[in-house]
Engineer: 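Sharing a structure below in structure tokens format, with a few things to ask.
Counting begins at 1 with the first residue of the sequence. Values below: every heavy atom of this structure, side chains too, minus hydrogens, waters and symmetry copies.
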Amino acid sequence: MLSTLIPLFDENKSVTAYSLFTLKDNYLLNPTSIGIAAFDGAGTIDGLEVLNSIGIETLSDDREVFVEVNNVSIHSDIAGQCKVPNDRVVLLLSTRIKPTEDIVKRVTDLKAQGFKLAMRKLNVSDFETYTPILKLLDYVLLNHARIDISKAHIYFSKLFPNIELCAVNVNSQEDFDKLTEKGGYKYYEGGFFRIPVVKSDTQVAPLKVNYIELLNVINDVDFDLGDAADVISRDAALVISLLKIANRLSRNSEITSVKHACAMIGQKELKKWINTAVTEALCADRPNEIIRMVMIRAKFAQELAPLFGSATDAEELFLMGLFSMLDIMLDKPMEEALDMVLVSKDIRDTLLTKNGKYSIVYDFVKAYENADWSDVSRLMLLRDISEKQVSAKYIESLQWYHEMFGLTENNNK
């Protein structure tokens, strides 16, 4: 089963929750499997299967997770299927669920069991019909382009004051700015937080220049440990992080300097640590979801390498993922951003022309994170890749990210 997470943000671009989208079968081999109202014939909630098998902390730390429920699965033993705390799960109801007396009773029971409830794709003309269900909901996800939020906010605040309104399909910074300025929505879903930079006159901050210099040192074909140590020494946070890693490896040896720590870790592990640590630092002034997305992209691309016949290029694919949002990190158009770092022609071509050596993997990773299941299914079919193989690689990437950064995220809250 394929699964991916779509973030919901507050007005400060902090992630407040995730929607979990799933696909059980290849869309091209079984077209009925796509869509949030998929009928699987058994009433099983795919999202709960994923939560149970992976663990909600790996997916989302302490945030809520929206899980899709359709007109069949709503009648199943949802509490019995759910092995995670009920109050961490938001049941996202399909509009195929009609507000009949039986459904209203069922939704009332689910609410009493501690589940939160949400609904998306409701039209204005449906509001009155769905009043019995709306009274029980915690969230309503509205297409902001089709809603007059000033009127909707008045309507909901008077009739359903407990509902939080979420704007979906917010796919530009301009839309996000207008919506937050106008007010009315509590949360926002869309690609507004990762729009590619087309033009910018902003100078790169000196600290980021130092990080870029470090990236260039260690991504050289045969970098010198002493040069890396000199650049690391300019940043206290990197020095502390480096010493922690070195001390774990040294056991009974005393670390006497940054250069000694670099030698203790070794060239290969040092390169891996610097690439991830510096990328995290470059994202420090950006929404937290950027670093999460970049890191998972990098690891997922690396894990997919054998499936796409690129096993020998796994490390390059990792770097490709790390640099896939370099324009956002540096607030520069991608071509200018890539001019500042030392990357291979294959990575550069992939990120600039979309026709590079790694483009098929890059396209697959982006389609997957967007839950574009039709494109994902097409690429799997072309490469004879199974859902089980891809799912395993994605889960490995999530687990890696959680182990690497989950503790840091929690400590920074």
Engineer: Are the charged groups of D138 and K111 less than 4.0 angstrom apart, N to O?
Structural biologist: yes
Engineer: With a cut-off of 6.0 Å (strictly less than), are more than 12 heavy atoms of other residues, nucleotides or ligands near CD of Q173?
Structural biologist: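 Yes, CD of Q173 has more than 12 neighbouring heavy atoms, counting only those of other groups under 6.0 Å.
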Engineer: Quick one: does any side-chain atom of S73 pair with a main-chain N or O of I45 as donor and acceptor, under 3.5 Å?
Structural biologist: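 Not confirmed, S73 side chain does not pair with I45 backbone.
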Engineer: Check for a donor-acceptor pair, side chain of K83 on one end and backbone N or O of G80 on the other, with a separation under 3.5 Å.
Structural biologist: yes
Engineer: For Y18, which of E289, E189, R63 qualifies under side-chain hydrogen bond (donor to acceptor under 3.5 Å, both in side chains)?
Structural biologist: E289
Engineer: Using a 3.5 Å cut-off and no angle test, enumerate the donor-acceptor pairs between side-chain atoms of residues 161-171 and protein atoms at least two apart in sequence or in another chain.
Structural biologist:
from, atom 1, to, atom 2, distance (Å)
N171, OD1, G191, N, 2.9

Engineer: For D10, what residues pass the side chain to side chain contact (heavy atoms under 4.5 Å, CB included) criterion, not counting sequence neighbours?
Structural biologist: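 D10 satisfies side chain to side chain contact (heavy atoms under 4.5 Å, CB included) with N12, S14, T16, Y187 only.
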Engineer: Do L207 and D235 have side-chain heavy atoms sitting under 4.5 Å apart?
Structural biologist: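 Result yes, sub-4.5 Å side-chain heavy-atom pair found.
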Engineer: Taking only residues two or more places apart in sequence, or in another chain, which ones meet A281 in a side chain to side chain contact (heavy atoms under 4.5 Å, CB included)?
Structural biologist: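 Per chain and number, A281 pairs via side chain to side chain contact (heavy atoms under 4.5 Å, CB included) with Y211.
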Engineer: Could you tell me whether D109 and K105 have a side-chain N and a carboxylate O separated by less than 4.0 Å?
Structural biologist: yes
Engineer: Donor-acceptor check, side chain of S377 to backbone of S374, threshold 3.5 angstrom: yes or no?
Structural biologist: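 No, because the side chain of S377 does not come within donor-acceptor range (under 3.5 Å) of the backbone of S374.
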Engineer: Taking it one step at a time, do E49 and Q81 satisfy side-chain contact (heavy atoms from CB on, under 4.5 Å)?
Structural biologist: CA-CA 8 Å; E49 280 192 18; Q81 291 183 57; 5.6 Å; no
Engineer: Whether the side chain of N86 engages the backbone of Q113 through a donor-acceptor N/O pair (distance < 3.5 Å, no angle test) should be reported.
Structural biologist: yes
Engineer: What's the spacing between I328 CD1 and R286 CZ if we round to 0.5 Å?
Structural biologist: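 Result: 8.5 Å between the selected atoms.
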Engineer: Go through the structure and list residues passing salt bridge (Lys or Arg N to Asp or Glu O under 4.0 Å) with R194, not counting sequence neighbours.
Structural biologist: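 Only E369 meet the salt bridge (Lys or Arg N to Asp or Glu O under 4.0 Å) criterion with R194.
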Engineer: F308: which residues meet the ring pair (Phe, Tyr, Trp, His ring centres under 6.0 Å) condition with it, sequence neighbours left out?
Structural biologist: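 For F308 the ring pair (Phe, Tyr, Trp, His ring centres under 6.0 Å) partners, ignoring immediate neighbours, are F364.
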Engineer: Does K182, at its NZ atom, have more than 12 non-hydrogen atoms belonging to other residues, nucleotides or ligands within less than 6.0 Å?
Structural biologist: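 Check fails, neighbour count at 12 or below.
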Engineer: Looking only at atom types and distance, does a side-chain atom of S391 sit under 3.5 Å from a main-chain N or O of E387, one as donor and one as acceptor?
Structural biologist: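 Here the side-chain-to-backbone pair does not exist.
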Engineer: Is a donor on one side and an acceptor on the other found under 3.5 Å between the side chain of R120 and the backbone of V140?
Structural biologist: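 Not confirmed, R120 side chain does not pair with V140 backbone.
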Engineer: If you round to the nearest 0.5 Å, how far is NZ of K332 from OG of S200?
Structural biologist: 5.5 Å
Engineer: Between T279 and N275, what is the shortest heavy-atom contact and its length?
Structural biologist: OG1-O, 2.6 Å
Engineer: Tell me, with the steps shown, if L317 and S310 meet side-chain contact (heavy atoms from CB on, under 4.5 Å).
Structural biologist: CA-CA 9 Å; L317 285 167; S310 301; 4.2 Å; yes
Engineer: By ring pair (Phe, Tyr, Trp, His ring centres under 6.0 Å), which residues pair with F156, not counting sequence neighbours?
Structural biologist: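 Testing F156 for ring pair (Phe, Tyr, Trp, His ring centres under 6.0 Å), a comparison that skips the adjacent residues, returns F127, F160.
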Engineer: Is a donor on one side and an acceptor on the other found under 3.5 Å between the side chain of S241 and the backbone of L238?
Structural biologist: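 Side chain of S241 to backbone of L238: no pair is present.
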Engineer: Evaluate the side-chain proximity of Q399 to I395: yes if any heavy-atom separation is below 4.5 Å, no if none is.
Structural biologist: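 I395 vs Q399: side chains touch.
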Engineer: May I ask you to decide if P333's main-chain N or O and E336's side chain share a donor-acceptor pair within less than 3.5 Å?
Structural biologist: no
Engineer: Under the side-chain contact (heavy atoms from CB on, under 4.5 Å) test against R96, which residue among V72, N71, N70, I74 passes?
Structural biologist: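 Single pass found, and it is N71.
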Engineer: Does K116 have any salt bridge (Lys or Arg N to Asp or Glu O under 4.0 Å) partners at least two apart in sequence or in another chain, and if so, which?
Structural biologist: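 Result, salt bridge (Lys or Arg N to Asp or Glu O under 4.0 Å) vs K116: E64.
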Engineer: If the condition is salt bridge (Lys or Arg N to Asp or Glu O under 4.0 Å), which residues does D177 pass it with, not counting sequence neighbours?
Structural biologist: none
Engineer: Hey, is the main chain of T95 close enough, under 3.5 Å, to the side chain of K98 for a donor-acceptor pair?
Structural biologist: yes
Engineer: Before accepting this row, confirm whether a basic side-chain N of the pair R234/E213 lies closer than 4.0 Å to the acidic partner's carboxylate O.
Structural biologist: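 So R234 pairs with E213 through a salt bridge.
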Engineer: When rounded to the nearest 0.5 angstrom, what distance separates OH in Y401 from OG1 in T276?
Structural biologist: 11.5 Å
Engineer: For the pair D339 and R348, evaluate side-chain contact (heavy atoms from CB on, under 4.5 Å) and give the outcome as yes or no after the intermediate values.
Structural biologist: CA-CA 9 Å; D339 285 341; R348 186 181 179 90; 2.7 Å; yes
Engineer: Any side-chain heavy-atom pair from K13 and F192 closer than 4.5 angstrom?
Structural biologist: yes
Engineer: Check whether any side-chain heavy atom of I78 sits under 4.5 Å from a side-chain heavy atom of V89, and report yes or no.
Structural biologist: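 Contact flag for I78/V89 side chains = no.
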Engineer: Just jot down the salt bridge (Lys or Arg N to Asp or Glu O under 4.0 Å) partners of K178, sequence neighbours excluded, or say none.
Structural biologist: E174
Engineer: For the atom pair CE (M340) and CG (L330), what is the distance rounded to the nearest 0.5 Å?
Structural biologist: 5.5 Å
Engineer: To the closest 0.5 Å, what do you measure between CG (L304) and NZ (K393)?
Structural biologist: 8.0 Å
Engineer: Could you list the residues that satisfy ring pair (Phe, Tyr, Trp, His ring centres under 6.0 Å) with Y368, not counting sequence neighbours?
Structural biologist: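 Listed in chain order: F300, W373, Y394.
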Engineer: Take V65 and I56 through the test side-chain contact (heavy atoms from CB on, under 4.5 Å) and record every step on the way to the result.
Structural biologist: CA-CA 8 Å; V65 177; I56 196 167; 4.0 Å; yes
Engineer: Under 3.5 Å, sequence neighbours excluded: what are the donor-acceptor pairs made by side chains of residues 351-361?
Structural biologist:
from, atom 1, to, atom 2, distance (Å)
T353, OG1, D349, O, 2.6
T353, OG1, N355, N, 3.1
K354, NZ, L351, O, 3.1
N355, ND2, T353, O, 3.3
K357, NZ, D313, OD2, 3.1
S359, OG, K354, O, 2.9
S359, OG, N355, N, 3.2
S359, OG, G356, N, 2.7
S359, OG, G356, O, 3.2

Engineer: Is there a side-chain contact between E269 and I245 in this structure, where contact means two heavy atoms from C-beta onward sitting under 4.5 Å apart?
Structural biologist: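 Contact flag for E269/I245 side chains = no.
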Engineer: Applying the side-chain contact (heavy atoms from CB on, under 4.5 Å) criterion to I232, which one of V278, N210, I274, I218 satisfies it?
Structural biologist: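 For I232, the side-chain contact (heavy atoms from CB on, under 4.5 Å) check succeeds only for I274.
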Engineer: Who are the ring pair (Phe, Tyr, Trp, His ring centres under 6.0 Å) partners of F323, not counting sequence neighbours?
Structural biologist: none
Engineer: Is the distance between the ring centroids of F9 and F176 less than 6.0 Å?
Structural biologist: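 No, ring centres 6.0 Å or more apart.
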